[in-house]
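Step one of this worksheet: look at the structure below.
Nothing here was measured: the structure is a model prediction, and the numbers come from that model. Chain letters run A, B, ... following the sequence lines, proteins first and then strands; every chain starts at 1.
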Amino acid sequence: MSSSKPTQPKGTRDFGPEQAAKRNYIVDTIKTQFIRYGFSQIETPAMENLSVLTGKYGDEGDQLLFKILNSGDFLKNSTESDFNLGSDHLLKKVAEKGLRYDLTVPFARFIVQNQHQITMPFKRFQIQPVWRADKPQKGRYREFYQCDADIVGSNDLWNEAELSLLIHDVFENLNYDGFVLKINHRELLNEMARVVGLAGKEMPFCITIDKLDKIGAEKVNVELEKLGANDQLQKVISLFDLKTSNEEKLNSYIELVGENRGTEDLSQYFKLLAAANRKNMKIELDLSLARGLTYYTGTIFEVKATDVTIGSITGGGRYDNLTGVFGLKGTSGVGISFGLDRIYDVLEEKDLFPSDLGQSSELLIAHFDETSKIHGIGVLAAVRNSGIRAEIFPDNAKIKKQFNYADKKRIPFVLVIGSEEIKTQTYALKDMKSGTQESMSLEEILNKLAKMKTA
RNA sequence: GUGGUUGUAGCUCAGUUGGUUAGAGCGCCUGAUUGUGGUUCAGGAGGUCGUCGGUUCGAGACCGAUCUUCCACCCCA
């Protein structure tokens with residue numbers, strides 16, 4: 001025993017075989033849909049230069065970045081006066097890199113660097129971990145996977161509609177229907193802020209509105225009055241209470257606030273979506289949806305689980321000028337991000353994982369001694385060549401132990417080889433589930449297992 | 001970042017106002033069964049009570065610090 005128990009860093013986790021299989025199931029499902037919709041995969045490094053990351057997520061986001069200490073003598077460029085100027089100043093001297101905070105900003109960098117090779121509109125997907133120095137709790141980790149799909153170089157609202165269809169296909173294939181896709185538009189919020197006399201204070205307005213379902217309409221009222229809202233406030237807040245259809249909500253909004261880019265975008269979005277003829281859409285126009293990430297400028301999306309308390313499981317929106325900060329102007333993009341870890345938690349809580357996710361062998365070859373093991377290795381090769389997942393017990397152990405192993409790993413069939421079997425060239429094949437066993441030639445065994453597989 | 005919460009066997013948890021040798025269930029190992037798992041029976045291993053320090057004749061229990069877990073806020077996937 002070592003002197004202290006080893007542990008992972010706070011907010012990070014190991015994934016055992018069962019968890020990894022379940023995670024793969026989600027990733028495979030999402031990936032299949034991404035490809036079906038015409039997205040191409042890319043990957044980017046875990047670390048980015050801090051100059052790429054800093055300033056894209058607001059002040060709070062900057063604090064949540066994991067910074068990487070410079071290699072070698074990281075203090076060699078620093079003096080005592082640097083130290084006295086405080087950590088913000090010193091940071092630039094000792095750290096130039098950081099772990100990525102999301103997949104969208106690294107993607108923006110990728111586009112700018114590869115703009116001449118990329119054919120627009122560019123549809124990319126990316127499934128990789130991201131890191132945030134957040135305080136961990138349930139559904140919130142310091143290392144977690146995002147599954148992003150983005151379309152850049154196209155302003156058309158069809159992209160938003162297509163992403164909405166994609167979201168439905170992903171959750172449908174995961175057999176989860178407890179979600180709702182909320183949609184809103186930043187411009188709708190901005191105009192609302194102006195109508196209540198809060199022009200120039202759009203951000204604080206949004207942040208307060210976003211709290212509606214948490215602190216209630218009354219407190220939101222008070223906070224907005226403090227900000228300086230005028231007597232139009234009551235009418236505007238009444239919009240958030242509407243339980244009508246999406247189209248009617250939009251009309252109510254237009255009556256009160258008037259038409260703008262947001263209303264035009266959304267009505268076009270609903271029109272295009274209707275053309276797809278999909279049934280049972282779970283889309284809700286939520287005029288109070290704000291979302292924090294500062295780079296969103298148009299439509300915004302959020303998928304919430306209605307039957308599990310875990311926050312949003314997918315989020316996204318349109319950003320008109322994300323590549324602008326890297327020197328490429330006029331490239332609009334829209335994207336969504338599936339939160340693998342939260343979707344995992346939801347499926348786990350709802351018991352929605354298929355039961356046959358195990359990756360263990362379909363056949364174990366058990367043997368009594370060295371001679372039968374050697375013989376078994378030849379049998380194993382034949383079994384594997386026929387496409388059946390199989391393994392042989394590596395040690396010369398008691399047969400009981402080998403059966404126990406098959407039972408624990410839920411291997412459905414055990415092929416037993418001993419001196420009798422070698423002599424007659426027939427093997428005992430035991431069905432672990434039923435407990436029955438019969439003697440068969442190798443050919444018969446392969447046929448039987450192949451049949452079980454297709455059944 | 002603010003406030004709270006949790007930690008005892010591999011896992012889930014008991015453990016009385018501080019008192020001698022820290023328990024249970026499940027799991028694990030061995031045997032009953034030297035060519036057969038999952039059931040049954042018998043036996044066994046496994047704990048510096050998160051860590052460090054303090055109070056006390058005596059601490060798993062009380063106090064402090066620290067780490068960890070979970071929760072609310074903040075923010076978000």
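Across all strands, A/Q437 comes closer than 4.0 Å to base atoms (heavy-atom distances). Within the nucleic acid shown, A/G435 comes within 4.0 Å of at least one base atom, counting heavy atoms only. Contact annotation for A/Q63: no contact, since no heavy-atom pair falls under 4.0 Å across all strands. Nucleic acid contact for A/V416: base, since at least one base atom lies under 4.0 Å from a heavy atom of the residue.
Ring centroids of A/F125 and A/F34 are separated by less than 6.0 Å, placing the two rings close together.
For RNA chain B, each stem of at least three Watson-Crick or G-U pairs (distances under 3.5 Å) is given as range with range: B:1-4 with B:70-73, B:10-13 with B:23-26, B:28-32 with B:40-44, B:50-54 with B:62-66.
Of the residues in residues 15-25 of chain A, not one places a heavy atom less than 4.0 Å from an atom of RNA chain B.
If you check distances only, the side chain of A/R140 never reaches the base of B/rC71 with a donor-acceptor pair under 3.5 Å. Below the 3.5 angstrom threshold, one finds no donor paired with an acceptor across the side chain of A/N404 and the base of B/rG37. The base of B/rG38 does not come close enough to the side chain of A/K433 for any donor and acceptor atom to sit less than 3.5 Å apart.
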Set out, in order, the CA-CA distance, both residues' side-chain angles and the distance that settles side-chain contact (heavy atoms from CB on, under 4.5 Å) for A/R186 and A/R318, then state yes or no. CA-CA 9 Å; A/R186 274 279 158 86; A/R318 177 171 287 275; over 6 Å; no
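Remark: ring of A/Y405 not stacked against base of B/rG37; the cut-offs of centroid gap under 5.5 Å and plane tilt under 30° are not jointly satisfied.
Contact annotation: the side chain of A/D341 approaches that of A/R13 to within less than 4.5 Å [non-hydrogen atoms, C-beta and beyond].
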